[in-house]
*Asks:* 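Sharing a structure below in structure tokens format, with a few things to ask.
Lettering of chains follows the sequences in order, A, B, ..., and the numbering in each one begins at 1.
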2 protein chains.
Amino acid sequence: MTRGTTGNARGELARARLLDAALQAFARRGFHGTGTRDIAEAAGMSPAAVYVHYRTKEELLFELSLAGHRQVRQVMDEALTGSSAEAGSADPARRLRDVVRAFTSWHARAQIHARVVQYEMAALGPQHAAEIAGLRREIESLMRRLVTDGRDAGVFGVANPHMAALAILSLGIDVARWYRPDGGWGPDEIGAQYGDLALDLVRWTRTDRPPG
Amino acid sequence: MTRGTTGNARGELARARLLDAALQAFARRGFHGTGTRDIAEAAGMSPAAVYVHYRTKEELLFELSLAGHRQVRQVMDEALTGSSAEAGSADPARRLRDVVRAFTSWHARAQIHARVVQYEMAALGPQHAAEIAGLRREIESLMRRLVTDGRDAGVFGVANPHMAALAILSLGIDVARWYRPDGGWGPDEIGAQYGDLALDLVRWTRTDRPPG
DNA sequence: CTCCAAACTAAGCGATCGCTTAGAAAGTCC
DNA sequence: GGACTTTCTAAGCGATCGCTTAGTTTGGAG
């Protein structure tokens, strides 16, 4: 920053290559199954060059986990505002369905990233784990609010909103485990179907028009 | 076997202690995050003693994974036969609900084992992974059959039975990730609720009597 | 008791681990 | 060009990895 812009760009490219290499490796073999030499080689540099850009291997994991969780929150927020703007701001079923679509399809579309986000949390250090936990609480409370809103509005006949919200999140999260890019369904298709499944889980009363 | 029975019992006890130590460690820190010295120490023996009973660390994982998958299949089978015997052999809703109850509550009750079963498969060797994959196919096809049976009988209004079966399995599997023994719900409670959620997912037509 | 196999330990092998050091290249600014 | 920062590598540090070897202890069988 003190000097030049090209050096900055070179560094950021290297950082991006390292993040990508770490992402692939962590997703495939797990954090503890991945060596710093694996990451360096996949990024096309020497093992020592990793430490020019990141202080520890765990910092690489944290950056990936943080960016992934923020992506999840973002696609959910976008789906929520889009859903509200389009259909007169308060159709609980449509809102829930659209957020579940976004949440679920992300776990398929970004499956490799999603695996690291969902299954490598235990390898984070205490401080980093706490920060990630905060983001997860936001995501969980958003989903819970969507379910309770529909129940309070009288359009969801769900018995246990807390558990229903948990189940809906489970459905989306587990997509990261079983999804195969070469399988029969694409991310959007899975998202669409899971959006409908979520409405089944909250016992959406079909007295009003389907949200389209 | 050639001599004595106590020596045999001593060996089996040691094997059991090693399996339990490995189970706890693999569940907490993952296969690659666990050292053979950790396992040995938790089992109360020297690092070398591990190799008297198991040839490799991966063999310990395989034994745990195999036993876990067989347990899952067994609790599902028992729920199925119990459900069929009690209620005149063919109430698809009751059968599905009871199997989901058993499947889900197992993932809470045996959470530590379930985590290894569901999240450490990638660390298995090719041969062992193939054997486990066979068991998983059995479990998946059983669940799929339960869903399609109900659809064919006309009591499930599910649009996509294949995906519904996958979603139901996802719900149960993900319990191993989020369940906390000191949380608000116990394994049976979760199983009961998830059994009902499964019926929602397959759009069970409530024209006939609830299965109890 | 002797005999013997199973169970176990102390020590350590070669390999790999995360990470550091010292210094060479690469590129920017004046 | 010279001065300076950033990026990168070669080499290697101490620790730990999965696992083996050689030899001791254990305990029932005959």
*Asks:* Taking DNA chain C as the partner, which of residues 21-47 of chain B come within under 4.0 angstrom of it by heavy atom?
*Replies:* B:R37, B:M45, B:S46

*Asks:* If you take any heavy atom closer than 4.0 Å to DNA chain C, which residues from residues 122-129 of chain A end up in contact?
*Replies:* none

*Asks:* When rounded to the nearest 0.5 angstrom, what distance separates CG in A:L96 from CZ in A:F103?
*Replies:* 12.0 Å

*Asks:* Please walk me through it: do B:L60 and B:V50 pass side-chain contact (heavy atoms from CB on, under 4.5 Å)?
*Replies:* CA-CA 10 Å; B:L60 273 163; B:V50 174; 4.3 Å; yes

*Asks:* Using the ring of each side chain (for Trp, its six-membered ring), is B:W185 parallel, tilted or perpendicular to A:H162, with breaks at 30° and 60°?
*Replies:* perpendicular

*Asks:* Which of residues 51-62 of chain A sit near DNA chain C, with a heavy atom under 4.0 Å from it?
*Replies:* A:Y51, A:T56, A:K57

*Asks:* Check B:V116 against B:A27 and note the closest heavy-atom contact, atom names and distance.
*Replies:* CG2-N, 3.7 Å

*Asks:* Would you indicate whether A:E189, at its atom CD, is surrounded by more than 12 heavy atoms from other residues, nucleotides or ligands within a distance under 6.0 Å?
*Replies:* yes

*Asks:* What is the distance, rounded to the nearest whole Å, between atom CD of A:E12 and atom C1' of D:dT7?
*Replies:* 14 Å

*Asks:* Take a 6.0 Å sphere around CD of B:E41 and say whether it holds more than 12 heavy atoms from other residues, nucleotides or ligands.
*Replies:* no

*Asks:* State, with a plain yes or no, whether a side-chain heavy atom of B:W106 is found less than 4.5 Å away from one of B:Q74.
*Replies:* no

*Asks:* Could you walk me through whether B:L142 and B:L80 pass the side-chain contact (heavy atoms from CB on, under 4.5 Å) check?
*Replies:* CA-CA 10 Å; B:L142 169 56; B:L80 191 59; 3.8 Å; yes

